[in-house]
Each structure stands twice: as structure tokens, then as C-alpha cells.
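The structure appears below as C-alpha cells.
Atoms within each ligand, like the ligands themselves, are counted from 1 in listed order. Throughout, residue positions are numbered sequentially from 1 according to the sequence presented. Values below: all heavy atoms of this structure, side chains included; hydrogens, waters and symmetry mates excluded.
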Amino acid sequence: MDSKSLINTERLPKHIAIIMDGNGRWAKQHGKHRVFGHRNGVQSVRECTEAAAELGVEYLTLYAFSTENWNRPALEVNALMTLLVETLGKEVDTLMKNNIRLKAIGDLSKLPKRTHKALLDGIEKTKDNQRMTLVLALNYSGKWEILEAAKQLAKDSKSGKLNPDDIDEEMFSNALTTAGIPDPELLIRTSGETRLSNFLLWQLAYSEFYFTAEFWPDFKKESLYKAILDYQNRERRFGKTSEQIIN
Ligand code: FPP
């Protein structure tokens with residue numbers, strides 16, 4: 001039996017987050033420039049989005065560009081930004097056909113104008129779609145987001161809009177860029193690296209982590225099914241004992 005048919009669709013993660021890693025090494029393996037790896041990574045983005053929507057996953061968040069990625073050579077940063085504009089331009093129709101809503105998290109105002117515009121256009125066009133939400137993390141960092149939320153809550157406390165003693169987990173979650181989105185139950189990172197790299201630090205507090213040696217351009221539908229099956233074979237205890245979960 002193939003992996004897809006083994007998945008229990010009653011126990012799907014509602015939200016899957018992915019750190020797409022290994023494009024550069026994949027390109028090197030093929031004797032090509034790093035940008036070739038990113039271009040091939042787009043096909044994996046397509047496949048995973050389609051597979052997740054087909055299964056009934058509600059949110060898919062992809063780490064497409066971190067705050068730290070600006071330190072890469074200008075040529076690579078420019079190529080990534082161009083690739084985003086191109087891909088968004090090409091794929092918005094596919095998102096519409098598949099009833100998928102696009103969202104973005106991160107400090108979007110610092111993106112090049114054309115990338116920012118392509119993104120906002122895509123978000124606006126797809127805003128009423130309901131089958132799945134695809135969240136792109138762009139110029140995103142978990143520490144940045146937590147600091148922004150803390151600043152906002154501090155300002156609201158200072159102005160008398162809220163009492164600091166009332167700040168609880170829910171209020172803090174609602175001050176993050178992911179407000180309204182349930183925390184991911186499953187985090188996937190490709191390419192054999194086992195770091196969090198400043199991704200969704202608050203939201204991943206109770207998530208299951210799945211690491212695979214596959215490079216991102218090799219991570220296709222079947223790879224996603226395997227990750228979900230692995231997740232379904234784990235027991236999520238949230239600090240309780242096994243007996244408490246079973247009973
Ligand atoms: C990590 O591989 C990948 C990125 C930093 C960029 C991911 C972007 C895409 C797949 C294309 C655009 C995406 C969308 C959503 C349209 P790496 O360069 O760090 O690889 P390495 O660790 O092997 O060097």
C-alpha cells in the first residue's frame with residue numbers, strides 16, 4: 001500500500017510548518033549554481049501545497065526567507081526575490097482554482113517593492129478562499145516576532161488600554177503575526193539539519209518535530225505523506241502520562 005492510503009484523515013495535523021532546507025546542497029550535487037536549487041525547490045512547494053490541500057490539512061506554513069538570509073550573496077538574494085515574484089505571478093491562478101488562501105508572516109515592509117506588491121496582490125486575490133491557508137514566512141524570525149508582540153503589549157499597557165496583569169498566553173498569541181492560526185502540530189525540516197533556526201519559536205512549543213535527510217527539491221508528495229504517517233504513529237501527551245491519554 002502507498003503511504004497516502006495509510007494516512008488516517010481523522011487524525012491529520014491541522015497545521016504543518018516546514019523549514020525548506022538544502023536547495024544549495026542539492027544544486028551542488030547536480031553540479032549547478034545554488035539558484036538552480038531554489039528553482040527546483042518551487043516544484044516541491046507546489047507538490048506539498050497540493051498534497052496538503054488534497055488530504056484536508058488546514059494550514060501549511062513554509063519558511064521561505066529568514067531575517068538572516070539577507071546575509072547571503074546579493075546575487076542569490078536577488079534571485080530568490082525574483083523567483084518569488086515569478087512564482088506568485090504564475091501560481092495565483094492555481095491557488096484560486098484550488099480554493100487556497102495565501103497569507104504571509106514576517107517583516108514584509110523590508111522586502112523589495114516588487115516582491116512586496118506581488119505578495120499583497122496574491123493575498124488580496126485569494127483572501128476569501130477556504131479550503132486551506134498557505135502561509136509564507138518571509139523576512140521572518142521568531143525572536144523578531146516575539147519582540148514586536150512584547151512592544152505592542154507594553155505600549156497598550158502604558159497607554160492604559162490593558163492591564164499588564166491580564167496578559168496571558170491567549171493575549172500574547174493574538175499579538176503575534178500568526179494570530180488566529182492554530183499552532184502547528186507538526187514541524188518538518190529537510191536536509192538533515194536539526195535546528196529551529198529562529199522559526200515560530202512560540203508556536204512550536206508543543207509540536208512534533210520530523211527531520212529528514214532529503215534535500216528540499218527532493219521532498220515531494222510521498223515525502224510529505226511519510227512525515228504525516230510518522231506523526232500519526234507518535235503519542236502526543238502534552239505533559240500527561242500515557243495512561244491519562246488512553247483513558
Ligand atoms: C533553503 O535552502 C532554502 C531557502 C532559503 C529558500 C526557499 C525558497 C524556495 C524553495 C523558493 C521560493 C518559495 C516559494 C514559497 C514560492 P538553502 O539555500 O539554505 O540550502 P543549503 O543549506 O543546502 O545551502
Side-chain angles (χ1 to χ4, degrees), residues 16-53 57 59-96 98 100-108 110-112 114-123 125-126 132-142 187-200 211-221 223-224:
I16 301 177
I18 307 183
I19 303 177
M20 310 182 286
D21 198 6
N23 293 348
R25 278 163 285 166
W26 184 91
K28 199 170 175 191
Q29 218 177 41
H30 290 77
K32 305 271 188 176
H33 191 273
R34 299 175 55 80
V35 175
F36 181 75
H38 297 314
R39 291 204 161 268
N40 279 274
V42 173
Q43 185 53 31
S44 299
V45 170
R46 258 188 227 117
E47 288 215 12
C48 287
T49 306
E50 195 178 289
V57 171
Y59 296 89
L60 178 67
T61 298
L62 303 177
Y63 206 3
F65 195 84
S66 75
T67 318
E68 291 79 19
N69 286 153
W70 294 112
N71 298 325
R72 295 192 172 198
L75 185 133
E76 185 177 344
V77 172
N78 289 336
L80 269 169
M81 293 299 155
T82 305
L83 188 57
L84 270 163
V85 177
E86 267 179 31
T87 309
L88 287 165
K90 268 193 229 155
E91 302 297 340
V92 169
D93 285 347
T94 322
L95 294 177
M96 288 308 291
N98 289 287
I100 297 170
R101 176 168 70 138
L102 182 67
K103 257 182 86 78
I105 55 170
D107 191 355
L108 307 180
K110 305 258 164 59
L111 293 172
R114 63 203 165 94
T115 312
H116 195 194
K117 186 180 178 307
L119 200 58
L120 294 184
D121 286 350
I123 292 170
K125 252 198 179 150
T126 61
M132 186 179 84
T133 303
L134 173 66
V135 185
L136 297 184
L138 281 164
N139 194 23
Y140 173 88
S141 107
L187 168 84
I188 297 170
R189 183 168 188 154
T190 58
S191 90
E193 306 293 345
T194 49
R195 291 182 297 277
L196 213 43
S197 301
N198 219 341
F199 190 43
L200 300 174
F211 299 109
T212 167
E214 267 181 315
F215 292 140
W216 178 248
D218 289 328
F219 193 91
K220 296 286 161 56
K221 283 191 176 188
S223 321
L224 185 72

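- Salt bridge status for Asp121 with Lys117: present, with a side-chain N to carboxylate O gap under 4.0 Å.
- Scanning the protein for heavy atoms near atom 16 (C) of ligand 1, the closest one is Thr87 CG2, 3.6 Å.
- Taking the charged nitrogens against the carboxylate oxygens, Glu193 and Arg25 do have a contact shorter than 4.0 Å, which makes a salt bridge.
- The aromatic rings of Tyr63 and Phe199 sit parallel to each other, their planes meeting at less than 30°, with 60° as the upper class boundary.
- Looking at atom 6 (C) of ligand 1, its nearest protein heavy atom turns out to be Ala64 O, 3.4 Å.
- Atom 9 (C) of ligand 1 has Asn23 ND2, 4.1 Å as its closest protein atom, hydrogens excluded (heavy atom only).
- The protein heavy-atom contact nearest to atom 13 (C) of ligand 1 is Val45 CG2, 4.2 Å.
- Applying the 4.0 Å criterion to heavy atoms of Asn69 picks out, from ligand 1, the atoms 5 (C).
- At a heavy-atom cutoff of 4.0 Å, ligand 1 is contacted by no atom of Glu91, backbone or side chain.
- Nearest protein heavy-atom contact of atom 15 (C) of ligand 1 is Leu136 CD2, 3.5 Å.
- Proximity of a side-chain donor or acceptor of Thr126 to a complementary backbone N or O of Gly122 within less than 3.5 Å is detected.
- Not a single donor-acceptor pair under 3.5 Å links the side chain of Thr190 to the backbone N or O of Thr212.
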